[in-house]
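Heads up, the thing below is written out as structure tokens.
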Amino acid sequence: MKKGMLLFLLVALTALRVQAGDGMWLPLLLKQLNEAEMKGLGMKMSAEDIYSVNKNSLKDAIVSFGGGCTGEVISGKGLVLTNHHCGESRIQSHSTLSKNYYADGFWAKSLAEELPNQGLFVTFIVRMEDVTKTVLENVEEEMPENLRQGNIERNIALLRNSAQRETWQEISVRPFFGGNQYFLFVTETYRDVRFVGAPPASIGSFGKDTDNWVWPRHTGDFSLFRIYADRNNRPAEYSPDNVPFQPRHFLPISLDGVEEGDFTLVFGFPGATNAYLPAVALQQTIEIVNPARIAVRDRTLGVYDKAMRADRQIRLQYVSKQARLANAWKKWMGEMQGLEAAGAVAKKREYEAEFQRRVMAHPEWKWRYGNVLAELEARYKDLAVYLQSNEYATEIGSRNIELFQLSNTLSGYVNVLENNGVEALKGRSDNLLKYLEGFYKDYRPEIDRQVFAELMALYMSKVQADLMPGIAIEQATEYGKDYNLWAAELYTGSMLNRGDLALQMVRVKPEDFISAVQKDPAYQLARAIVEVNAEKLAKPVGRIQQEINRLQRLYMEAQMTVFTEKRFFPDANSTLRVSYGQVSGSEPRDGIRYQPVTYLDGVMEKYKPGDYEFDVPAKLVQLYKNRDFGPYAAANGKMPVNFTGSNHTTGGNSGSPAIDAHGNLIGLNFDRQWEGTMSDLFYDPAICRNIMVDIRYVLFLVDKLGGAKHLIEEMKLVHPKSGK
Ligand code: ARG
Ligand code: GLU
């Protein structure tokens, strides 16, 4: 009996050790599921200090930044820290060649100099609540999916109307574990968020695409914004009368630095993971999905690269678009390689075999879950028929050719004119004008034309002919597959390539502009492709996907029922999560040991004067030569730059704070290392590492490089290790 107990404890402990690092956990369940393990890893706080509805806690300092990133409040005056790449499109849009904040950096010297950003918002989580029972009321096991979904939506609508909230707060309800659980969120969204500062892009995105997703890394990937509120500290639209927001909590900043083995916690809004898919789904990712997307972006990025290297103006106009396309493009490559290196498909197959063994040995499970894997397999096989065409057609039709993207947006206005008439269109002409001004500011027809030529060649060869619109086939034939000629004539003939004319028409008579758009040859081609994609691809794929979702929900429930020894975290879904682990290097391949910390010395090793990716400002070189690091150097006298940890993160965790055992800020999450980029689908604790900027590098750049000491003075600097 005693022996048995001991054995059980041993097994449980090793299981825990292996699991450390794996998971993005719900803040309100930490006490139950994670607190003990976190303390074992060195945490000195309680779960209540991290998330509480009764008192101020760390969560009150965390915001979803602009919908796709995370930020954290670091002063009593609403100062927000996030990544440079999260603020990039804003920084770029405030920049021109003569006043280039993007290239030269920007530091507002006073509140008056902080720059407003139309459309930018940050969202706080006030509280969250398990509402599974209410949402699944009247939802029967055997209901068809659309009926089930209808009932769920009705229950959610009722909940949203009845849940307690203040007038300025919002309510949302989101599915977890594939729809087995639901949580309600009460949130507060602030819409006056101003740009405060950023280092030059050569520091903020040092290493660009070459270093992206790669360790060792040397990037100062941060920028600063400030939240403004009305006189009552409540959310308000932009107004010059707004005042700096006073947070319930802001993160103190530790100057004591990190060492391997230190506890770390990453708090933020991870976007999407798929940790519980069947092997067949991973196989399709490796064989079909990622290769298709990569092939399309290879071509787009090839065109951009040449143009951007040749022309400064183009570089500024395309930098943000390029970074967005390149970021996922490179991740998909790493993900494929990582899945293959880890033998992920084979390991999932083993897991499935074990699952099936357990299910078949248990009569009730056998009845309920016995076929779920076989059915999933069959539905993924159905999907495979469309998959290649679908990936190429959506990537080309909606995400790479700017003229197509413009057409997709304009089609909304065409609908307004057709369905609601001229007055309705006029009512929206301000929005239309703003959108077009933004679009044309950074649009170069001669670049998009080359992208079009490259991608239509790919489209014609990779998409099944019966899944294309006739007009595309006719035009391709007419030009004898001379894609450059096709592109040249289409782009010269399209009024959409004449931004000045378009803007002028919208200002004078928006209805004339929209009528002309409807007759435009480029618009018509774009619409034909998008409509055929919707009808012949999205529809059947959607039908199959709905079946897959139903089966995946059952498979999720089954895994949680059958593997009682495993602890499950819900896949990321852009809701607030806690990941935790330790500062940690890794041994990604035989004979290679990655140190967990990099220094400014490494920046200087990579430094290539005049290079598009590896140049740095002369002032940084000077500070380095003079060892002028202020109070921010590490104990060894060097300037720390980045560090890695065993925290499970994904896209959306950009800008998330890295927090120490006591609740102080020690770093800023911004990336993962190459060998572990498959972690969205298959997490391996031995080689999956997140990459963070050392907070001391941030402070050094603000103070010594930017000369913005007034910002440092707003912050609360602490010494938790030395107790000073
Ligand atoms: N890979 C990081 C992320 O997923 C950083 C991206 C920004 N840097 C870049 N070179 N695009 O967002
Ligand atoms: N850079 C990513 C982002 O934009 C975060 C890093 C990751 O994907 O792990 O969200």
Side-chain angles (χ1 to χ4, degrees), residues 21-24 62-72 82-92 102 198-199 201-215 217-223 264 266-275 297 300-301 304-305 308 315 318-335 338 571-574 577 579 581 606 612-614 642-658 667-683 687-693:
D22 188 355
M24 304 169 175
I62 315 299
V63 292
S64 164
F65 185 90
C69 279
T70 304
E72 52 276 357
T82 188
N83 285 145
H84 188 272
H85 76 263
C86 294
E88 185 170 59
S89 64
R90 302 293 169 173
I91 303 170
Q92 184 226 328
Y102 179 77
S202 56
I203 293 173
S205 62
F206 182 74
K208 296 273 188 313
D209 291 323
T210 300
D211 268 14
N212 194 17
W213 301 108
V214 169
W215 184 257
R217 188 63 156 277
H218 298 88
T219 308
D221 196 345
F222 81 97
S223 57
T264 54
V266 172
F267 209 172
F269 294 85
T273 58
N274 279 296
R297 293 192 183 191
T300 311
L301 291 167
Y304 284 5
D305 190 63
M308 288 172 74
R315 202 177 311 157
Y318 275 74
V319 69
S320 181
K321 295 186 254 202
Q322 189 275 348
R324 198 169 36 77
L325 287 176
N327 191 40
W329 162 80
K330 193 166 177 188
K331 190 191 89 166
W332 291 325
M333 289 191 261
E335 185 175 79
D571 269 318
N573 59 356
S574 297
R577 303 296 179 90
S579 307
K606 288 177 177 173
Y612 163 60
E613 298 184 300
F614 292 100
N642 293 159
F643 63 100
T644 55
S646 55
N647 308 283
H648 193 179
T649 54
T650 188
N653 270 127
S654 271
S656 297
L668 183 60
N669 185 73
F670 74 104
D671 208 4
R672 277 173 282 169
Q673 77 182 21
W674 185 247
E675 296 81 356
T677 38
M678 75 301 190
S679 62
D680 294 350
L681 300 170
F682 191 84
Y683 187 87
I687 56 174
C688 291
R689 292 291 177 273
N690 68 315
I691 307 180
M692 296 155 276
V693 190

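Both counts, for ligands and for their atoms, begin at 1 and track the order of listing.
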(request) Report yes or no: does E613 contribute a side-chain atom to a donor-acceptor pair with the main-chain N or O of T210 at less than 3.5 Å? (result) yes

(request) Using side-chain hydrogen bond (donor to acceptor under 3.5 Å, both in side chains) as the criterion, list what pairs up with T82, not counting sequence neighbours. (result) none

(request) Taking the side chain as every heavy atom from C-beta outward, state whether H85 and N327 have any pair of such atoms under 4.5 Å apart. (result) no

(request) Find out whether T300 and Q322 are in side-chain contact, i.e. whether some heavy atom of one side chain is under 4.5 Å from a heavy atom of the other. (result) no

(message) Please report the interatomic distance CE(M692) to CG(L668), rounded to the nearest 0.5 Å.
(response) 10.0 Å

(request) For N653 and N669, test the side chains for any donor-to-acceptor distance below 3.5 angstrom and give the result as yes or no. (result) no

(message) Within the structure provided, determine whether W213 and M333 are in side-chain contact (heavy-atom separation under 4.5 Å).
(response) no

(request) Might you list the protein residues in contact with ligand 1, defined as having a heavy atom under 4.0 Å from one of its atoms, sorted by chain and number? (result) H85, K208, D209, N212, W213, A323, N327, S654, F670, D671

(request) Could you list the residues that satisfy salt bridge (Lys or Arg N to Asp or Glu O under 4.0 Å) with K606, not counting sequence neighbours? (result) D211

(request) Can you tell me which residues line ligand 2 if we count any heavy atom under 4.0 angstrom from one of its atoms, in chain and number order? (result) H85, W213, T649, T650, G651, G652, N653, S654, F670, D671, R672

(request) Check the pair W674 / R689 against side-chain contact (heavy atoms from CB on, under 4.5 Å), numbers first and verdict last. (result) CA-CA 9 Å; W674 185 247; R689 292 291 177 273; over 6 Å; no

